[in-house]
2 protein chains.
Amino acid sequence: MKTTTQAGTGAALGTRERIVRATSRLMQRQGYEGTGIKQISREAEATLGSVYHFFPGGKQELAAEAIRHGDREFAGILRSVLGAEEDPAQAVTDVARVVAEELRASDWVDGCPVTATSLGTAGRAPDIQRAAAEAFERWRGLVADKLRGCGIAEQDAYELAHTVINTLEGAELAAQVARSEEPLLIAGRHLARLITSYR
Amino acid sequence: MKTTTQAGTGAALGTRERIVRATSRLMQRQGYEGTGIKQISREAEATLGSVYHFFPGGKQELAAEAIRHGDREFAGILRSVLGAEEDPAQAVTDVARVVAEELRASDWVDGCPVTATSLGTAGRAPDIQRAAAEAFERWRGLVADKLRGCGIAEQDAYELAHTVINTLEGAELAAQVARSEEPLLIAGRHLARLITSYR
DNA sequence: TCCTGGATGGAGCGTTCGTTCTAGCGAGGG
DNA sequence: CCCTCGCTAGAACGAACGCTCCATCCAGGA
């Protein structure tokens, strides 16, 4: 056999990767409980047998893996947008704008995959909760690094990173509900002002 | 027959009210898809017949009503906490603290009922989405009124109200995932700082 | 007194759920 | 050559899903 674990972005993906991506996308739209394994296997063009072959832990393992996928995806966006702008306040505003654009492009349906997947399993699925906590921590870390690199004090950077991520998260949710970019754009401006006040 | 629509807080509640409260509480914990009608009727000590008698629109109507219940509930908290403190920055910090306390008291399980219920039905249930949008709007209105009453300019108050609600929402979510009050307490401090910068 | 109609109680409909299980496929190594 | 084994394929299971339907109850009006 050929090792089909390729993470290539070009050609056809391996079965396992297709399953993870389908899970992530579906749970992002419909949440954990709203997404069925059969729907996932259909969407991924894999069969039920393949799904349980790669994820013997069933739906929970699948969801945790999907969260880690969303984690890496947004971490990539965060790294690239934060890296492209020197001023941290402007960089955070840029992130808000990018998130708003992607949300609008999906007709307000593709929110945060981590939030949508982990909410509704609160307390009842430790693996999922842990994966979600790690994602938020990773994102906060990226923001905190950027802030520290711009001369903001350690403790301030740590706390600001919390609020930057949480405000974006809340604003994205509001943007979905209101079907409008406004909450995210306002959040970007306010976060910029807040960051500037610490320089 | 007696009109059993009493909203009394004292004695036994009417069947309809018990159903709404059970729905709100369950969906707050498990989301829309994760909550079954039979579970609701069991929890509310009502029967399936009663549920469909009062809510012929089925699960969607039930969810929309539950969101409106959560809306009124949090609006009450908001009114009372914002009214008890003159300084708007301190008042918002107080709200964050109260939310954190209640969240901890529920062992990090009772998040925002509106968010938990509406997420995962994005775009597919207009009634639910509308009820959620109205809840957020009502809450923003209460915050904006407080800010305006403290001499903050109309447009600034409008935008700040957006970010106050959205940041609290995002921080509550993070607090649930991390099982920690920290995100909410940080959010309270940052929102206070942001508000103060507009005075 | 009977009648009426809101409210209750719950069996049962067809469907889908997550999961299990076994049979078969086909490329690589001996 | 055949054998092995990672992978695919999908039927089948019991349980739960949302919802329909009808029998029953009972207070208030005629």
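No experiment lies behind these values; they were computed from the predicted model shown. Values below: all heavy atoms of this structure, side chains included; hydrogens, waters and symmetry mates excluded. Sequence lines set the chain letters: A, B, ... in the order given, protein chains first and strands last, and positions in each chain run from 1.
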Considering every strand and a 4.0 Å limit on heavy-atom distances, what is the contact class for [X]: base, sugar-phosphate, or nothing?
X	value
A:Gly58	sugar-phosphate
A:Leu48	base
A:Thr35	sugar-phosphate
A:Gly36	sugar-phosphate

### Task
Between C:dG10, C:dG18, D:dG10, spot the one nearest the side chain of B:Thr47, thanks.
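Ranking C:dG10, C:dG18, D:dG10 by closest atom to the B:Thr47 side chain puts C:dG10 first.
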### Query
Among the nucleotides C:dC17, D:dT8, D:dG18, which one has an atom lying closest to any side-chain atom of B:Lys38?
D:dG18
[atom1] of [X] versus [atom2] of [N]: gap in Å, rounded?
X	N	atom1	atom2	result
B:Glu61	D:dG18	CD	C1'	14 Å
A:Gln30	D:dC17	CD	P	18 Å
B:Phe54	C:dG9	CZ	C1'	13 Å
B:Arg42	D:dC17	CZ	C1'	12 Å
A:Ile19	D:dT8	CD1	P	7 Å
B:Tyr52	D:dC22	OH	P	17 Å
B:His53	D:dC21	NE2	P	17 Å
B:Glu45	C:dA7	CD	P	19 Å

### Task
Of all the heavy-atom pairs spanning A:Leu103 and A:Gln176, show the shortest one and how long it is.
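So the two residues come closest at CD1-CG, 3.7 Å.
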### Task
Of all the heavy-atom pairs spanning B:Val92 and B:Ile195, show the shortest one and how long it is.
CG2-CD1, 3.6 Å
### Side-chain N or O of A:Ser50 closer than 4.0 Å to phosphate OP1/OP2 of D:dT8
yes
### Message
It should be established whether A:Thr15 places a side-chain nitrogen or oxygen under 4.0 Å from OP1 or OP2 of nucleotide D:dT8.
### Response
yes
### Message
Rounded at 0.5 Å granularity, tell me how far NE2 in B:His53 sits from CG in B:Leu48.
### Response
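Between B:His53 NE2 and B:Leu48 CG, I get 13.5 Å after rounding to 0.5 Å.
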### Ionic contact status for B:Glu17 with B:Arg21, cut-off 4.0 Å
yes
### Task
Would you check if there is a donor-acceptor pair between the side chains of A:Ser24 and A:His69 at a distance under 3.5 Å?
no
